[in-house]
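What follows is a single structure, written as structure tokens, with notes after it.
The chain is numbered in sequence order, starting from 1. As a basis for the values below, the full set of heavy atoms in this structure was taken, side chains included, without hydrogen atoms, waters or symmetry mates.
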Amino acid sequence: MSYKQQLEQLGNKILNASRTELFLSMRFMGGALDSLGYTIDLTTRTVGTDAVYIRFNPEFLMQLYLAKPVMLNRLYVHMILHCIFRHMFGYEVYEDKDLYDLCADIAAESLIDGMEYKAIETTHSDFRNMWYDKLNTEVKVLTAERLYRYFSEHAPDYDEYMKLKAEFTKDDHSFWEILEDRESDGGQGPDQQPPGGSNPPEDTPEDQSDKDPEDKKQPLDLHNVAKLPKELEDEWKKKADRMKVEMEASGHEASDEFGSLLRTLNFVQKKRKSYRDFLKRFYTMHEETKIDPDSFDYGFYQYGMELYGNIPLVEENEYRESRKIRTLVIAIDTSASCQERLVQRFLNETADILMRQESFFKRADILILECDDRVQEEIFLKSPDELKKYAKGFNVRGGFGTDFRPAFRRIEELRRIGKLPNLKGMMYFTDGFGTFPKAKPDWDTAIVLFKDESEEELKLPDWAYKLYLDV
């Protein structure tokens, strides 16, 4: 066995010991604790996760375990919380990644510090407590997204910022960028290998006999390794949902032990709606050219083939009724508060869902309205593919205040002259601040928000649906 293999084996033992202690103390977290594999990674000085593995430097791991095993437990939970709240997904939309890293760490640490479990119990510095008091008052729910917005608007001076980083930075986030690389190369990035390195040597029989059974218990579903970020994100969302159910089933007496974790999970879950489910509201029934295998009796079909040799008695119906989207309006708030990369992400995500689900008829109408306090531009597209091309070249026009009413008036004009047949609904991408029509229009409207404001902070009309883009 090579020296590197020995180090990895020792690292695995340490992480397994920490995982076992956490599981015995925090059973509601069992499913999440079982979801990460372990692998040695000498590109880091410390430890980090890419949502598939815990990647560790063995020297750091051994020193921390020998000196402060409780801190290793906290670090393990810290990385699990990054995954549960999907901090590493959508990383590219944040201009100041260093600030976002800090905000994600503060969000994770605040949740850990609010829990009452001996396996992670430690004392907090006065500096940390002072910032918790301030942030709980001004931000209320400490998610990475809300903290990022807060610090973007209330930037601390350099010395205070560096103190915050020293206090809250715990793990290596450089592996989060690997996820973005994996997205761009179709899941075949450099990270797609089994634990233990890119070319793990085959074990000899002697090596196998020396291995501790615990080292073989890698809590890793190997099919995850080649998955794209969106698939991994979906899997971690399911794990978060299961954790929430486990916590709720624990009863009221356990609520103090959870701290603010359950409340934060409820808050985030409420904000992250499914585009896929919502878009079904816009479906219309229409015939399209497509063989319908359910529209005739196979018995008569087979009888004709047997009687005449090659002549079926009933042909398949060449038309079938389908429920899909025929017409969709997407309005985009181009005021100064909206950023191009967020708009591009919204459009790309919408186009991906529409293409993936075959949600559009072959002939469809997608109207894009670019608006601030007036309609600056209107573009008609014919397919989700055209929507993706449009997103790639999108740039903000306008940049004045926000008044949503002109977009609604323009849609009504286009409906009157027959340019928007079968319109069921529109999606308005915005920060939510502006003037809405008082009366409900004749079509469904979804306000797609890119900030996770609580509803009482926004004055949205009762007749509009609220969706939140996870940024």
Side-chain angles (χ1 to χ4, degrees), residues 270-275 277-284 325-340 342-347 349-351 353-354 359-360 364-381 387 390-391 394 396-469 471:
K270 182 180 179 182
K271 299 306 180 187
R272 289 167 176 165
K273 305 293 185 181
S274 169
Y275 281 118
D277 292 339
F278 182 79
L279 287 172
K280 291 178 182 177
R281 295 178 180 273
F282 300 161
Y283 285 8
T284 59
I325 297 173
R326 188 70 182 271
T327 305
L328 178 64
V329 175
I330 298 175
I332 302 169
D333 178 0
T334 60
S335 63
S337 58
C338 289
Q339 302 172 22
E340 285 184 13
L342 296 179
V343 175
Q344 288 172 336
R345 183 177 178 192
F346 159 66
L347 293 172
E349 187 168 332
T350 303
I353 289 172
L354 294 176
S359 300
F360 266 94
D365 295 299
I366 305 173
L367 171 62
I368 304 289
L369 296 177
E370 298 177 7
C371 320
D372 40 40
D373 59 350
R374 69 198 70 181
V375 176
Q376 296 287 351
E377 195 81 26
E378 59 183 61
I379 302 102
F380 277 93
L381 307 173
L387 181 60
Y390 164 80
F394 175 83
V396 172
R397 301 177 182 86
F400 299 97
T402 305
D403 187 340
F404 301 106
R405 294 171 296 181
F408 287 87
R409 286 197 293 266
R410 180 56 181 158
I411 293 170
E412 191 56 58
E413 291 172 4
L414 292 169
R415 289 179 76 225
R416 279 201 304 266
I417 61 177
K419 284 199 171 183
L420 291 175
N422 306 303
L423 177 64
K424 289 290 185 179
M426 70 177 291
M427 305 175 77
Y428 210 128
F429 182 74
T430 177
D431 63 357
F433 293 100
T435 306
F436 287 91
K438 292 182 179 179
K440 181 186 182 303
D442 294 335
W443 56 88
D444 286 340
T445 302
I447 307 299
V448 184
L449 301 159
F450 62 87
K451 293 182 179 180
D452 59 352
E453 302 281 0
S454 59
E455 292 186 12
E456 61 269 18
E457 293 172 328
L458 298 173
K459 296 180 180 178
L460 301 179
D462 295 335
W463 45 260
Y465 299 98
K466 291 88 175 174
L467 298 178
Y468 292 80
L469 184 66
V471 298

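Heavy atoms only, all atoms of each residue included: M426 and A331 are closest at CE-CB, 3.8 Å. Minimum interatomic distance between D333 and T430 (heavy atoms only, all atoms of both residues): OD2-OG1, 2.8 Å. Among all heavy-atom pairs drawn from P437 and W463, the shortest one is O-CZ2, 3.3 Å.
Comment: R409 does not engage E412 in a salt bridge, judged by the lack of any side-chain N to carboxylate O separation of less than 4.0 angstrom.
A side chain to side chain contact (heavy atoms under 4.5 Å, CB included) with V329 is found for one member of I411, I366, I368 and no other, namely I411. Between I330 and the choices L347, L369, L367, the side chain to side chain contact (heavy atoms under 4.5 Å, CB included) rule is met once, by L347.
In this structure the side chain of F436 never reaches within 4.5 angstrom of the side chain of T445, judged on heavy atoms. For the pair E378/L414, a side-chain contact is recorded, criterion being any heavy-atom separation below 4.5 Å from C-beta on. Residues R415 and D442 form a side-chain contact, since some pair of their non-hydrogen atoms from C-beta on lies under 4.5 Å apart. Two residues are said to be in side-chain contact when any heavy atoms from C-beta on lie closer than 4.5 Å; T435 and D373 fail this criterion. By the 4.5 Å heavy-atom criterion applied to side chains, C371 and F408 are not counted as neighbours.
Distance CD1/I417 to NZ/K419: 5.0 Å, rounded to 0.5 Å. Here the straight-line distance linking atom CG of L328 with atom CH2 of W443 works out to 13.0 Å at 0.5 Å rounding. For the atom pair L381 CG and Y390 OH, the distance stands at 8.0 Å (nearest 0.5 Å). Separation of atoms OH (Y428) and CG (L460) is listed at 12.5 Å; rounding is to 0.5 Å.
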Problem - Derivation of the salt bridge (charged side-chain N to carboxylate O under 4.0 Å, His left out) call for R410 and E413 - result: CA-CA 5 Å; R410 180 56 181 158; E413 291 172 4; 3.0 Å; yes

